[in-house]
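We number each residue from 1, following the sequence as shown. All figures in this text were calculated on a predicted structure; none of them were measured in a lab.
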Amino acid sequence: MIKPDAVANGHAGKIIDHIITAGFQIKAMKYIHLTEEQAGAFYEVHKERPFYADLVSFMISGPIFAAILEKDNAVADFRTIIGATDPQKADAGTIRNLYAKSIDANAVHGSDSDENAAIEGSFFFTAAEIF
Ligand code: ADP
Ligand code: MG
């Protein structure tokens with residue numbers, strides 16, 4: 001996902017270009033404003049963490065781009081190009097280093113495993129929407 005902060009700040013196009021230039025193929029994409037129920041369900045895994053309510057509020061503060069990306073070693077390579085969760089700790093030239101301001105408004109989401117990538121992909125897309 002390209003999160004609401006990056007969309008609102010006008011960085012979505014540059015982020016998509018960064019992702020494609022890094023060798024990822026876009027298999028599906030949509031521009032969507034999540035409901036509170038959808039954002040809460042997407043981040044259900046974090047519901048015991050202290051930042052959960054703020055995270056859900058932030059994720060519904062504006063539209064996002066959701067996408068399914070394909071590449072060899074996609075999960076690990078995507079986490080490399082997005083950088084650390086806290087943009088202050090993200091390596092130079094990573095998406096979060098370039099386009100994010102804070103740990104909560106950190107520009108992008110990336111799946112943390114192949115298993116979760118499949119679950120998160122089917123959260124947003126039907127089989128007919130995936131190339
Ligand atoms: P990542 O997005 O790098 O996989 P996590 O899965 O740990 O990071 O957290 C999910 C999201 O929750 C983060 O991207 C960020 O938006 C938010 N978040 C994580 N840790 C914090 C924190 N300490 N304070 C506020 N928001 C946080
Ligand atoms: Mg995560």
Side-chain angles (χ1 to χ4, degrees):
M1 289 185 283
I2 301 175
K3 294 184 176 182
D5 59 313
V7 175
N9 292 333
H11 293 143
K14 284 172 286 187
I15 291 171
I16 293 166
D17 184 56
H18 191 123
I19 291 166
I20 293 170
T21 301
F24 292 82
Q25 255 198 297
I26 295 175
K27 305 295 286 183
M29 179 169 271
K30 64 176 61 161
Y31 187 47
I32 169 179
H33 195 149
L34 292 172
T35 65
E36 188 171 0
E37 290 68 29
Q38 287 174 312
F42 186 90
Y43 280 112
E44 179 108 42
V45 59
H46 293 310
K47 73 170 181 294
E48 305 304 333
R49 296 175 79 175
F51 55 80
Y52 176 72
D54 288 343
L55 175 60
V56 171
S57 304
F58 165 64
M59 289 302 296
I60 65 172
S61 64
I64 63 157
F65 286 89
I68 296 177
L69 305 173
E70 185 174 83
K71 186 183 181 299
D72 289 343
N73 204 33
V75 166
D77 286 358
F78 192 70
R79 300 210 63 104
T80 299
I81 70 159
I82 70 178
T85 306
D86 180 353
Q88 310 306 320
K89 296 178 183 153
D91 289 345
T94 59
I95 291 172
R96 283 169 168 165
N97 167 259
L98 292 168
Y99 304 117
K101 292 272 184 287
S102 67
I103 193 168
D104 46 320
N106 62 1
V108 280
H109 167 81
S111 302
D112 60 12
S113 65
D114 287 350
E115 187 192 2
N116 283 335
I119 293 168
E120 293 174 354
S122 56
F123 184 89
F124 286 108
F125 302 99
T126 65
E129 293 173 316
I130 303 170
F131 294 104

Exercise for review: Show the numbers, then the answer: is there a side chain to side chain contact (heavy atoms under 4.5 Å, CB included) between F131 and Q25?
Suggested key: CA-CA 10 Å; F131 294 104; Q25 255 198 297; over 6 Å; no

To the nearest 0.5 Å, what is the distance between [atom1] on [X] and [atom2] on [Y]?
| X | Y | atom1 | atom2 | answer |
| --- | --- | --- | --- | --- |
| H33 | S61 | NE2 | OG | 6.5 Å |
| T85 | N106 | OG1 | CG | 6.5 Å |
| K3 | N9 | NZ | CG | 13.5 Å |
| I103 | K89 | CD1 | NZ | 6.5 Å |
| I68 | I130 | CD1 | CD1 | 3.5 Å |
| Y52 | K47 | OH | NZ | 7.0 Å |

Least distance between heavy atoms, [X] atom then [Y] atom:
| X | Y | answer |
| --- | --- | --- |
| A12 | F65 | CB-CE1, 3.6 Å |
| A90 | T94 | CB-OG1, 3.4 Å |
| A100 | A107 | CB-CB, 3.9 Å |
| A105 | D5 | O-OD2, 3.0 Å |
| Y31 | P63 | OH-CG, 3.3 Å |
| K101 | P87 | C-CG, 3.9 Å |

Counting only N and O atoms by type, is there a donor-acceptor contact under 3.5 Å from the side chain of [X] to the main-chain atoms of [Y]?
| X | Y | value |
| --- | --- | --- |
| D91 | G83 | no |
| T21 | H18 | no |
| D86 | Q88 | yes |
| N97 | G93 | yes |

Review point. Under the ring pair (Phe, Tyr, Trp, His ring centres under 6.0 Å) test, which residues partner F42, sequence neighbours left out?
Key: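 F42 satisfies ring pair (Phe, Tyr, Trp, His ring centres under 6.0 Å) with H109, F123, F124 once adjacent residues are dropped.
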
Point to revise | Derivation and outcome, side chain to side chain contact (heavy atoms under 4.5 Å, CB included), residues I64 and I32 | key: CA-CA 6 Å; I64 63 157; I32 169 179; 3.9 Å; yes

Practice item. Could you check if a side-chain atom of I16 sits within less than 4.5 angstrom of a side-chain atom of I26, using non-hydrogen atoms only? Key: yes

Count I, L, V, M, F, W, Y as connected when their side-chain heavy atoms are under 4.5 Å apart, and connections chain through other members. Are [X] and [Y] then in the same cluster?
| X | Y | result |
| --- | --- | --- |
| F78 | Y43 | no |
| M59 | I95 | no |
| I15 | V75 | no |
| I119 | V56 | no |
| M1 | F58 | yes |

Taking atom [atom1] of [X] as the centre, report whether more than 12 heavy atoms of other residues, nucleotides or ligands fall under 6.0 Å from it.
| X | atom1 | value |
| --- | --- | --- |
| E129 | CD | yes |
| K14 | NZ | yes |
| D72 | CG | no |
| D114 | CG | no |

Point to revise | K71 NZ/CZ over F24 ring centroid, <6.0 Å and within 45° of normal | key: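 Yes, K71 sits over the ring of F24.
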
Practice item. Go through the steps to decide whether Y99 and V108 satisfy the test side chain to side chain contact (heavy atoms under 4.5 Å, CB included), and finish with yes or no. Key: CA-CA 9 Å; Y99 304 117; V108 280; over 6 Å; no

Practice item. In sequence, state the C-alpha distance, the side-chain angles, and the governing distance for I19 and L69, and then conclude on side chain to side chain contact (heavy atoms under 4.5 Å, CB included). Key: CA-CA 9 Å; I19 291 166; L69 305 173; 3.8 Å; yes

